Each structure stands twice: as C-alpha cells, then as structure tokens.
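Reading through the structure tokens given below for one structure.
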Amino acid sequence: MFESEISKRKTFAIISHPDAGKTTLTEKFLLFGGQIQTAGAVKSNKITKTAASDFMEIEKQRGISVATSVMTFPYKGKWVNILDTPGHKDFAEDTYRTLTAVDSVILVVDCVKGVEEQTKRLMEVCRMRKTPVIVFINKMDRDGKDPFDLLDELEENLDIQVHPLSWPINGGRDFKGVYLLPSKSLNLFESSKTKLSDDVISVQGVDDERLPQLVGDKNAAKLREDVELIEGVYGDIDINNYLKADVAPVFFGSALNNFGIQELLDTFVDIAPNPLARPTTVRDVEPTEAKFSGFIFKIHANLDPRHRDRIAFLRVCSGKFERNKAYKHTRLEKQVKFAAPYTFLADSKEVMDAAFPGDVVGLYDTGNFKIGDTLTEGEVFTFKGIPSFSPEIFKELINLDPMKSKQLEKGIQQLTDEGLANLFIQEPGSRKFVGTVGELQFEVLQYRLEHEYGAKCRFEARGIHKACWMTGPEADLKDFMKYRGSNIAYDKSGNPVFLAETAYILRMAMEKYPDIQFHTTTELIS
Ligand code: G4P
C-alpha cells in the first residue's frame with residue numbers, strides 16, 4: 001500500500017528563462033489535469049521588469065507565489081506535484097532550493113530565443129544534482145530557429161545529450177504540427193487556446209502515402225528527410241539514460257495553443273522518476289523506508305503582518321508523514337507536532353492527515369524552522385545538498401531608529417531564515433552585512449522590516465567581492481582569521497566567512513594559504 005503510493009508520485013518543477021512560457025505550460029498542465037476549467041486561472045508569478053521597485057507588486061508576488069507554490073493533481077493514475085519556481089532572476093536562489101525538493105524537471109525553451117542565460121544557470125544546478133530533464137521547445141507557432149540548430153544549441157550550452165521524441169513540421173505561420181517519433185503518428189496543429197485533446201493521426205511512419213495529403217508535398221518530403229536523419233543519429237531512446245540524467249528527451253509544441261501538451265504530460269507521467277533516495281549527513285535515505293523523514297526547502301512569511309507565523313514547506317523523503325504525530329527537529333533537538341499541516345490541491349489548501357514521499361506539506365511555523373531543517377522519527381541526520389550560494393551584492397544594515405533595535409534584530413534574523421538573503425555578523429560591534437543575489441531583495445527586506453516589524457533601516461553598499469566559507473587545517477584557519485580578522489564575519493550557523501574585498505585579495509589569500517579551501521556555497525562545507 002505504502003509502496004504503491006510512492007510509485008504514484010511524480011514531483012517536479014518547470015523551469016525556464018523568464019517569458020519562455022513556464023506559467024502558460026503550468027496552467028495547461030492543470031487544465032489537462034482537470035484542476036482548472038479555464039485558461040488564465042494561474043497568474044504569472046513574475047515581477048515584471050518595470051515593476052521591479054513597486055512594493056505593491058512585491059506584495060502581490062508574495063501572495064501569488066504562496067498560492068501557486070505547489071500544485072497537485074491526479075493524472076492517469078499518478079499523483080503529480082508541480083513545484084513552482086520564481087521567474088525573477090533576483091529570486092534565483094529560491095529556485096535552486098526548490099530544485100533540491102524535486103525528482104525531475106521540465107525545461108521550457110523559447111524556439112525564437114533558444115538557450116538563454118537563466119536556462120544555462122538552472123541547468124547547471126540540474127546537472128550538478130543529476131536531475132532528469134525533459135525539454136519542451138515552446139512557441140512553435142512563431143518563426144523560430146531551425147530545430148536542428150536548437151538541438152545543437154541545447155547540447156552545446158547545457159552539456160547534455162538530447163533526444164527528440166517529437167519533430168516539428170515547419171514552424172511559425174506555416175507550422176503544421178509534429179511527427180511523434182516513438183508512435184510514428186502525426187499531431188496536426190490547429191491554433192486553439194481551449195482545445196483539450198490533440199488530433200493525433202496514426203500513420204504508417206513517414207512513408208505513409210497519406211502524408212503529402214495531410215501536410216503538403218513539400219512538408220512531407222522535408223519531414224521524410226528529417227526523420228531519416230534523426231532516426232539514424234538518435235535511434236531508440238533508452239529511458240535509463242534519461243533517468244541517469246545523461247539524455248534529455250525533447251518535445252516541440254505551443255503551450256499557448258494547447259499544442260503538444262498531451263504528449264508531453266503523458267510521456268512525463270510515464271517515464272519521470274518516482275521519489276528518489278536522498279543523501280544526508282549520515283547515509284542515503286530511501287523513500288521506501290518505513291520511518292518518516294523530510295526537510296524544509298522553502299519558508300514563506302504570512303501575508304498578514306499582524307500574524308507573524310510563516311509557512312514552512314516540507315518535502316517528504318521517506319515513510320509516512322502524519323498529522324499530530326511528534327517528530328524530531330534534528331537541528332533544535334526537540335520534538336515538534338503539527339495539528340493542521342496542509343496539502344496543496346489546485347489553489348485550495350486542505351488540511352491533510354498523511355503525506356507520502358514526494359509530497360510537499362505546508363507547516364505553520366512560529367519561528368522554529370530554517371531552510372534545510374530536517375524532521376525524522378528519532379534518527380539524527382540532516383539532508384544534504386540545500387545550497388546557500390555566495391551572494392553577489394553585499395550591503396551593511398544600518399539601523400535608523402535606535403528605539404527599535406530589538407525589532408530590527410528579530411526581523412532580519414527571521415527574514416534571513418526564510419532564505420531571502422544571507423546574514424553575516426561581524427564582532428565586535430555586531431555589524432550586520434546582508435548579502436543577496438539581486439538588488440530587489442534589499443527593497444523587499446527594507447519594506448518588510450518596516451511593515452512587519454516596525455523597524456526602519458537603510459542598506460549601505462560595502463566593497464565586498466565574495467563571501468567564502470573556509471575549510472582546511474585548524475592551525476591555518478586560526479592563523480588566517482588572525483591575519484584577516486577585519487574581513488571575517490560569521491554566518492547564521494556560526495561558520496566563519498571571509499568577506500574578500502576584491503578578486504585579487506581572494507587570490508592572494510589562496511596563494512598565501514594553499515591548504516585552505518575557499519568555498520562559495522555552504523553545501524560544500526556541510
Ligand atoms: P514565463 O512564465 O516563462 O515567464 O512565461 P509566460 O508563460 O508568462 O509566457 C510569456 C509570454 O509568452 C506570454 O505572453 C505568453 O502568452 C506567451 N506564450 C506562451 N506560450 C506561447 C506559445 O506557445 N506561443 C506564443 N506565440 N506565445 C506564447 P505575454 O504577452 O507576455 O503575456 P500575456 O498577456 O499573453 O499573458
């Protein structure tokens with residue numbers, strides 16, 4: 001019974017460079033999954049460029065992203081969990097963390113733009129974690145790049161072998177549809193935002209004599225040529241290579257026109273991995289283990305500033321999570337219990353009694369959780385691989401109202417627990433440096449500190465190039481910290497961090513202390 005629950009779960013994220021069509025595809029999946037009845041029900045969670053400093057937009061964004069953080073629906077006997085990732089690049093860290101909680105991803109690429117900057121960055125994380133990837137090349141109703149060139153671009157830039165499972169017949173205004181390689185059938189394109197099933201026509205391969213009649217003489221000839229080439233180069237797909245993250249199946253379609261979604265979703269639920277084992281500080285944890293374990297990968301503040309509670313998102317990794325059962329919070333070494341954990345069914349939150357590996361549970365939190373915290377049935381370990389990246393921008397937090405020091409202290413501690421930014425404290429004097437991946441986070445922090453904690457502050461730029469966590473021989477570390485004392489601060493777990501002012505200073509430090517390793521993510525030191 002328990003194992004059959006696990007084999008139903010498909011937990012994944014849709015990732016893309018902004019504007020490639022992630023929101024549209026998510027919406028179409030929900031539409032096909034019967035969770036929403038009309039297109040347009042899922043709001044884009046992105047902050048538009050023009051609204052980057054509009055605080056109401058930020059608030060709106062927070063609201064939307066809670067509602068669409070996790071979308072769950074049953075489909076063809078499986079249980080699909082889509083974990084949403086923010087589109088804005090300043091929240092990229094949030095996306096990286098969410099990727100630790102999924103078992104596979106679907107990457108959306110715009111056929112006009114090809115591989116874009118964020119596509120590369122996101123794929124690097126997937127490659128690092130060996131996450132299986134399916135690629136959906138979107139917007140085929142637009143005049144895009146040549147499909148062969150797109151495949152080359154994917155292979156070159158994303159460092160993964162691709163394997164087309166569908167093939168476009170023309171593109172843009174002349175887009176005729178796709179040829180489905182495994183089933184040797186045709187899916188003919190019809191521009192429609194409401195149609196819910198594809199008109200798949202069974203043909204006897206590309207040699208079928210009806211082909212010219214169905215797609216036109218020229219297109220039929222070109223398709224025959226293309227397919228011969230593709231079959232020669234790629235052969236049959238070996239699903240194990242996809243599961244090992246060596247090969248990415250590729251589909252072509254148009255999310256806006258509901259085209260190519262059915263075959264993508266059907267293939268996805270068929271081949272995507274079920275919940276996978278996950279590494280901890282002690283051992284690998286298998287999903288089939290009887291005892292429950294899971295970790296927090298995201299924390300979201302309550303939208304109502306009068307209630308300071310937050311929602312912590314727990315990914316169940318093994319066993320069965322149950323309501324009102326006491327679990328061990330391994331960092332705090334204490335028992336915790338949840339009276340009203342909830343699941344995310346479409347846009348309604350429902351209190352749940354039990355959750356299984358692959359599921360995400362929302363837990364009300366009054367300040368007990370930090371990103372990466374682990375819950376178990378008693379065993380002490382911590383799930384590994386939840387990265388804290390070296391921030392790109394550093395500023396010092398300046399208190400503007402000495403009467404509200406306590407509120408500011410509490411606020412910055414809690415907001416950085418949410419993973420919005422990194423906090424580094426330097427002694428003596430308790431100077432606080434905040435590091436983020438984007439400028440937008442400073443605006444969000446300042447706004448939330450004032451509105452939720454009543455603390456006024458300002459951020460002053462400081463010339464810091466990188467924050468590096470350090471490992472190495474104790475004597476060297478001690479000596480280095482003495483020598484570079486004024487550039488050492490401590491992260492929230494008490495680890496010393498070297499705040500290097502320039503790349504040159506960092507290089508000099510590396511040369512002077514060859515036995516010390518300088519890391520830009522904490523994942524490497526845990
Ligand atoms: P994102 O979440 O990856 O940022 O992208 P999103 O789905 O919001 O899509 C970005 C834009 O691309 C949207 O247009 C959307 O309608 C359009 N789009 C998505 N899929 C397709 C497709 O298959 N073909 C074409 N031609 N366009 C597509 P927008 O004008 O920015 O927004 P909207 O006003 O249409 O919502």
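Model, not experiment: these values are computed from the prediction. Just follow the structure's listing: the first ligand is 1, and inside any ligand the first atom is 1.
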### Query
So, do Phe424 and Phe433 have ring centers that fall under 6.0 Å from each other?
no

### Message
Does the Lys NZ or Arg CZ of Lys176 fall within the cation-pi geometry relative to Phe189 - under 6.0 Å from the ring centre and within 45° of the axis?
### Response
no

Quick one: which of [options] has a heavy atom closest to [atom]?
{"atom": "atom 23 (O) of ligand 1", "options": "Gly253, Pro18, Gly21, Ser254", "result": "Ser254"}
{"atom": "atom 2 (O) of ligand 1", "options": "Asp84, Thr23, Ile14", "result": "Thr23"}
{"atom": "atom 15 (C) of ligand 1", "options": "Thr85, Asp110, Thr24", "result": "Thr24"}

### Query
In terms of atom number and element, which parts of ligand 1 are under 4.0 angstrom from non-hydrogen atoms of Lys22?
1 (P), 2 (O), 3 (O), 5 (O), 7 (O)

### Summary
Here the atoms of ligand 1 under 4.0 Å from any heavy atom belonging to Ala255 are 23 (O)

With no hydrogens and no angle check, is any side-chain donor or acceptor of [X] less than 3.5 Å from a backbone partner on [Y]?
{"X": "Asn81", "Y": "Gly358", "value": "yes"}
{"X": "Asp365", "Y": "Arg310", "value": "no"}
{"X": "Glu452", "Y": "Gly411", "value": "no"}

Is [X] close to ligand 1, meaning an N/O of one under 3.5 Å from an N/O of the other?
{"X": "Met140", "answer": "no"}
{"X": "Leu25", "answer": "no"}
{"X": "Leu256", "answer": "yes"}

Side chain, backbone, both or neither: which applies to [X] and ligand 1 if a contact is any heavy-atom pair less than 4.0 Å apart?
{"X": "Arg142", "answer": "side chain"}
{"X": "Asn138", "answer": "side chain"}
{"X": "Ser16", "answer": "side chain"}
{"X": "Asp19", "answer": "both"}

### Task
Taking only Lys NZ, Arg NE, NH1 and NH2, and the carboxylate oxygens of Asp or Glu, determine whether Lys395 and Glu439 approach each other closer than 4.0 Å.
yes

#### Entry: Basic-acidic side-chain contact under 4.0 Å: Asp110, Lys22
no

### Task
For the pair Phe338 and Phe369, name the ring-plane relationship: parallel under 30°, tilted 30 to 60°, perpendicular over 60°.
parallel

